[in-house]
Each structure stands twice: as C-alpha cells, then as structure tokens.
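The next block holds one structure in the form of structure tokens; read it before the comments.
A quick note: this is a predicted structure, and the numbers were derived from the prediction, not measured.
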Amino acid sequence: MKVWTALSGLTGVVDQARALRDAGVNGVFTFEGPHDVFAPLTLAAGVGGLDLMTNVAIAFPRNPIHLAHQANDHQLLSGGRFILGLGTQIRTQIEKRFGADFDHPVDRMVELVAALRAIFESWNTGARLDFRGDYYRHTLMTPTFSPGPNPYGPPPIYVGALGPRLTRAAAEHADGLLVMPFSSKRFLHQNTMASVRAGLAKAGRDAADFTVLPEIIVATGATDAEREAAEAATRMLLGFYASTPAYAPVLAAHGWQDLQPELNALSKQGQWAKMGARITDEILHTIAACGTPAQVAAHIRDRVEGISDTVCVYQAAPLAPTVVGAIVGELAG
C-alpha cells in the first residue's frame, strides 16, 4: 500500500522530505494553513522518488490561470510527480477570510476544473484558448504567456469532497477524489462510494480511470506516552471538525448527530478543551486510527479494503519519520 503524509512548516523542508522518503513514504502533501500551500512543495520538488500534492489548495480565491501556472510549474519542477488537489473550504472562510465568492460551490468547482483543462490544452496543443463559463472566462493566450507543452503532460486534478453533490461531481469531472479525513469506514463505504459510483456512471467513466484517495487521521507514537499525547491532541482535532455543520453527516451515519450543535455552541464560546472532552473513545477509534503503528495499519487496511491501495496519513501533530516508517512497514507486510 502506498502512503502519503504531510510536510509541516517551511524550515528544513528538504531534509524533512528526504527523511520521509527514506522512511518509505511515497508522497507528501501540504494544506492551506499558516503558510502558502505551494511553497513547501516548491522546496521539496527536487527530492527524487517522492510524489507531491496540494491537499488542498483552496480554489475559489484563486484564478484558474494562477492555478494552472502553479500546477504546471510544479509538474515541471518535480519531473511529472505533482497532483493538484483542490478544495472549496466553507462559506465563512471563503467570504470572510479570503474575501471571495462562494455561491454555487459545486457548479463553480466543476467549471474551474473545466477551465483548468482548457488552459492546459491550449498550452500543450497550441489550440486557441476560448473558455466561457458562468464564473470564469479565458479567451486570450499569447505566446509570451504560454509555457508551451509540458513534457510530463498536464498534472492530474483531484478534488476534496465530503457531501454527495461535490463527491458525485468530482467523480464525474476530476481525476481523483480526496476523501476528507473526518470520516469512517461506514461513511466511506456506504456514503462516499455510493456518490462516486453515481458520478462515474453519469459520466460513463470506468472506475479504473478514477482515483479514490482516503485520508485517515492517525494517533500514534513510538512510546505509550507519545501515543497518549497523540490521542489527546486528536480528540481536540475531532472536536474542532465535528463542530462544523459540513461534517454532521459523518456523525449522523453513526447516530451521533446531536453532538454537532453542542460542539458548535462550545466553539462559539471558545471552549476548546471542553470540545475535545466530548469526543468519546468510541468516536475517537471510529474516526481515527489509534494505537501502535501495527494497530494503526490494521485500522487503515480494514477501512480502505476494496477501495484504494493508497492512503494519506493525517495527524494532529507531525509524526517522526521513524514512526511513519513503522506504519509504512506494517502496511507493506
């Protein structure tokens, strides 16, 4: 099984990427947090034998031309080892933090993917750029601004999704689906995959032509003390995720729907510690893979069996490369 994990921060990124590669990790990803999502990947692009992915680049505040140039450049820098992972985020973040539009997010994401494909085609074939949509319009590409054909081809486009409409749209239009980390085996198999199959059927696509990439939150460590600290941090992380209405369907799939409004109220009061305390052992072990590296690997195998041979390991705090390597080793066994 192939394993991806996160690059953290900007300091020592190249050494971090090399250590993860040497530990057996197949790919590294970044997320849109306190640093730009592309910058660490630019630094890590020269580390051979390691795939790179934005997980995710928030799409709507960015223009498709900007995204296309960033994706194309990273495809070149990495020698064809780059995946452009896109996400919608939520309305509050898009409108209040980014100052961008969020209306009709599913339709907007579908059109953005189409715009990117049109731009990549123009660059790679020399075809006239003439994309006209409801949200994006690109009708000019002069030689000065075209990078020309990419010898590695256009980078794949993955979309992060949780809800049924966006999941279906990703299966219909994108190259892959990034399954949100706040999930469970039941939700993945019964909800997510039902939407994936519906989207593929609508587009007349074969499942072999589409990648489902589950992200799984892990709480582990090299010692009992490290694992205990990791579980405490993971409870806080799950409390934060579960407070968001967008993740209520995952809770509802297990009969925990009453927890979401309770956690949401606590978040508005700034009661972060109390939110983590509301995450029971049952919730923790259903949504996150906890315990020793061997126990984590067993959870991962059980969750993704029949769906994917690749996973993203997501954690509340960075894991030592040796611990990640232990998980990789267990999954390879």
- Salt bridge between Arg21 and Asp51, side-chain N to carboxylate O under 4.0 Å? no
Extract all donor-acceptor atom pairs below 3.5 Å that involve side chains of residues 59-66 and protein atoms in other chains or at least two apart in sequence.
from	atom 1	to	atom 2	distance (Å)
Arg62	NH1	Glu32	OE1	2.8
Arg62	NH1	Ile58	O	2.9
Arg62	NH2	Glu32	OE1	3.4
Arg62	NH2	Glu32	OE2	3.2
Asn63	OD1	Ile65	N	2.8

Between the main-chain N or O of [Y] and the side-chain N or O of [X], is there a donor-acceptor pair closer than 3.5 Å?
X: Arg301; Y: Met1; answer: no
X: Arg165; Y: Asp107; answer: no
X: Glu172; Y: Leu200; answer: no

- Query: Honestly curious: do Val56 and Phe98 fall in one hydrophobic cluster under the side-chain, below-4.5 Å linking rule?
  - Reply: yes
- Message: Within the 3.5 Å criterion, strictly below it, is a donor on Gln190 or Arg186 matched to an acceptor on the partner's side chain?
- Response: no
- Query: For residues Thr286 and His254, is any side-chain donor paired with an opposing acceptor at under 3.5 Å?
  - Reply: no
Only counting residues at least two apart or in another chain, list the ones meeting side-chain hydrogen bond (donor to acceptor under 3.5 Å, both in side chains) with [X].
X: Lys2; value: none
X: Gln271; value: none
X: Glu215; value: Asn55

- Sole residue of Trp123, Phe145, Phe38 in ring-ring contact (aromatic ring centres under 6.0 Å, His included) with His69: Trp123
- Provide the full list of side-chain hydrogen bond (donor to acceptor under 3.5 Å, both in side chains) pairs with a residue in residues 310-333, sequence neighbours left out, each pair given once. Tyr241-Tyr314
- According to the side-chain hydrogen bond (donor to acceptor under 3.5 Å, both in side chains) rule, which pairs have a member within residues 133-154, sequence neighbours left out? Asn72-Asn150
- Note on the structure: Rounding to 0.5 Å, atoms CG (Leu20) and CG (Leu7) come to a distance of 6.5 Å
- Heavy-atom nearest pair, Met180 first then Tyr247, reads SD-OH, 4.1 Å
